[in-house]
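To start, the structure under review is shown below, and the notes come after it.
Whatever order the structure lists them in is the order used to number ligands and atoms, beginning at 1. Just the heavy atoms: all of them, side chains too, but no hydrogens, waters or symmetry mates, feed the values below.
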Amino acid sequence: MPDQFVDLHCHSTASDGTLAPAEVVQLARRNGLSALALTDHDTIGGISEAADEAAKSGLDFLPGIEISCECSPGTMHLLGYGVDPESTVLRDLTRRLIEARDDRNPRIIRKLNELNVAITMAEVEAESGGGVVGRPHIAAILLRKGYVSSIKQAFDKYLGTSGAAYFDKERIPPREAFDLIHRSGGLPVLAHPVQLRTGNDGELARIIKDCVDLGLIGLEVIHSDHNAELVDKYSALAEKFGLLKTGGSDFHGSNKKDIDLGIANGRRVPREWFDALVERAGREKNLAHKP
Ligand code: AMP
Ligand code: ZN
Ligand code: FE
Ligand code: FE
């Protein structure tokens, strides 16, 4: 039954997705999901619209955020589930993360201009619709103007780590990200472990162990970048470290055309994983309120 399925990782126009928060919720409904967590990069700007639409359409909803941390050589993304949208800690954090983007994005544009690509920051801001500006917005413009023939090519040629106009943004150390998610009332979950690009399983287990020591409560087992072998591996690691399993598509609308909401590389995410996360969030809140 489709009602048994959920999606715990997706993006809206509040960051670099192409559907408005309410539209993501409507699509979740159409795709037969019973619950959703919105996890925009560095912002909770889409949460209230999504929560209102979810309440209207009878979809269970969990607020979330996705934060990039310092971790070389790969990428460490932390999901924060159940964060309190009113939290001042969260507001300070998101402001700082957006400042780091505001510092990086004009550098990318300047470099592209040097490479004879005609693109302006004003166009990029228009593309983002006033939300958090990410590289997929720049990629969409490069595609529309014919400089590349796909979003993938925009990353390969210009925006990705090996691209000619690559600039990293300042990231926060994992310790700080865990602490800030906790203080915002959220539960930290390690997103798409495959993107850590660890050399071997020992190194992966060591990073997860370090994260557990910092307060990690879950591992994203199902994700669009995870094949069957990886799903099995991360599932075993979650069990080994006593972590909750989570999963999501990492839906971005037409910025990632091949990903549909609710389906991650052919897999669906079981409803029980959402329920366990909500149950855990409730338990932590009760603990926090104890005198
Ligand atoms: P930013 O947050 O601005 O650094 O951009 C990160 C976004 O770019 C995330 O949504 C990634 O999934 C997306 N991204 C990173 N590398 C690629 C790639 N090679 N192809 C398509 N999207 C990518
Ligand atoms: Zn994104
Ligand atoms: Fe991510
Ligand atoms: Fe994501």
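For Asp250, every N, O or S atom stays at 2.8 Å or more from the Fe ion (ligand 3). For His252, the nearest N, O or S atom to the Zn ion (ligand 2) falls under 2.8 Å. For a distance bound of 2.8 Å, the N, O or S atoms of Asp250 include none lying that close to the Zn ion (ligand 2). Inclusion of His9 in the first shell of the Fe ion (ligand 3) is not supported: no N, O or S atom falls under 2.8 Å. With 2.8 Å as the limit, His41 does not count as an N, O or S neighbour of the Fe ion (ligand 3).
Residue contacts with ligand 1 leave out His11, since none of its heavy atoms falls under 4.0 Å from the ligand. For the pair Pro136 and ligand 1, a heavy-atom separation below 4.0 Å is found. Ligand 1 is approached by Lys169 to a heavy-atom distance shorter than 4.0 Å.
Without hydrogens or angle criteria, Tyr147 side chain to Ala118 main chain gives a donor-acceptor distance under 3.5 Å. No side-chain donor-acceptor contact under 3.5 Å links Asp16 to the backbone of Gly134.
Close contacts between ligand 1 and Gly134 involve ligand atoms 3 (O) [criterion: under 4.0 Å to a heavy atom]. The contact set between ligand 1 and Arg101, taken as ligand atoms under 4.0 Å from a residue heavy atom, comprises 1 (P), 2 (O), 3 (O). Every atom of ligand 1 is numbered from 1 in the order shown, and the set under 4.0 Å from a heavy atom of Arg104 is 1 (P), 3 (O), 4 (O). Residue Arg135 approaches ligand 1 through these ligand atoms, each under 4.0 Å from one of its heavy atoms: 1 (P), 3 (O), 4 (O), 5 (O), 6 (C). Heavy-atom proximity to His252, at under 4.0 Å, picks out these atoms of ligand 1: 10 (O).
Counting non-hydrogen atoms of other residues, nucleotides and ligands closer than 6.0 Å to CZ of Arg175 gives a total of 12 or fewer.
Tested against Asp201, the residues Lys233, Arg206, Lys240 include a single salt bridge (charged side-chain N to carboxylate O under 4.0 Å, His left out) partner, Lys233. For the side-chain contact (heavy atoms from CB on, under 4.5 Å) with Glu123, the qualifying choice from Arg144, His137, Lys145 is Lys145, the only one to do so.
At a threshold of 4.5 Å between non-hydrogen side-chain atoms, the residues Asp84 and Val89 do not count as touching. Proximity of Leu237 to Leu204: side-chain heavy atoms (C-beta onward) are separated by under 4.5 Å at one or more points. Taking the side chain as every heavy atom from C-beta outward, Thr94 and Ile65 approach each other to under 4.5 Å. Using a 4.5 Å heavy-atom threshold, the side chains of Glu53 and Gln26 count as touching.
With a 4.0 Å heavy-atom cut-off, ligand 1 is reached by no atom of Asp156. At a heavy-atom distance under 4.0 Å, no atom of His192 approaches ligand 1.
Geometrically, ligand 1 and Lys152 share no nitrogen or oxygen pair separated by less than 3.5 Å.
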Run the numbers on Arg101 and Asp42 for salt bridge (Lys or Arg N to Asp or Glu O under 4.0 Å), then give the verdict. CA-CA 10 Å; Arg101 287 174 180 274; Asp42 301 351; 2.8 Å; yes

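Among Phe155, Phe167, Tyr166, the residue whose heavy atom lies closest to atom 22 (N) of ligand 1 is Phe155.
Considering just the N/O/S atoms of His77, the one nearest the Fe ion (ligand 3) carries the name ND1. Within His192, the N, O or S atom lying nearest to the Fe ion (ligand 3) carries the name NE2. When the N, O or S atoms of Glu66 are ranked by distance to the Fe ion (ligand 3), OE2 comes first. The N, O or S atom of His41 lying closest to the Zn ion (ligand 2) is NE2.
Counting only N and O atoms by type, the side chains of Glu66 and His77 include a donor and acceptor under 3.5 Å apart.
Ring centroids of His226 and Tyr234 are separated by less than 6.0 Å, placing the two rings close together.
Of all heavy-atom pairs between Val83 and Gly186, the closest is CG1-CA, 3.8 Å.
Counting protein heavy atoms only, atom 11 (C) of ligand 1 is closest to Lys256 NZ, 3.8 Å.
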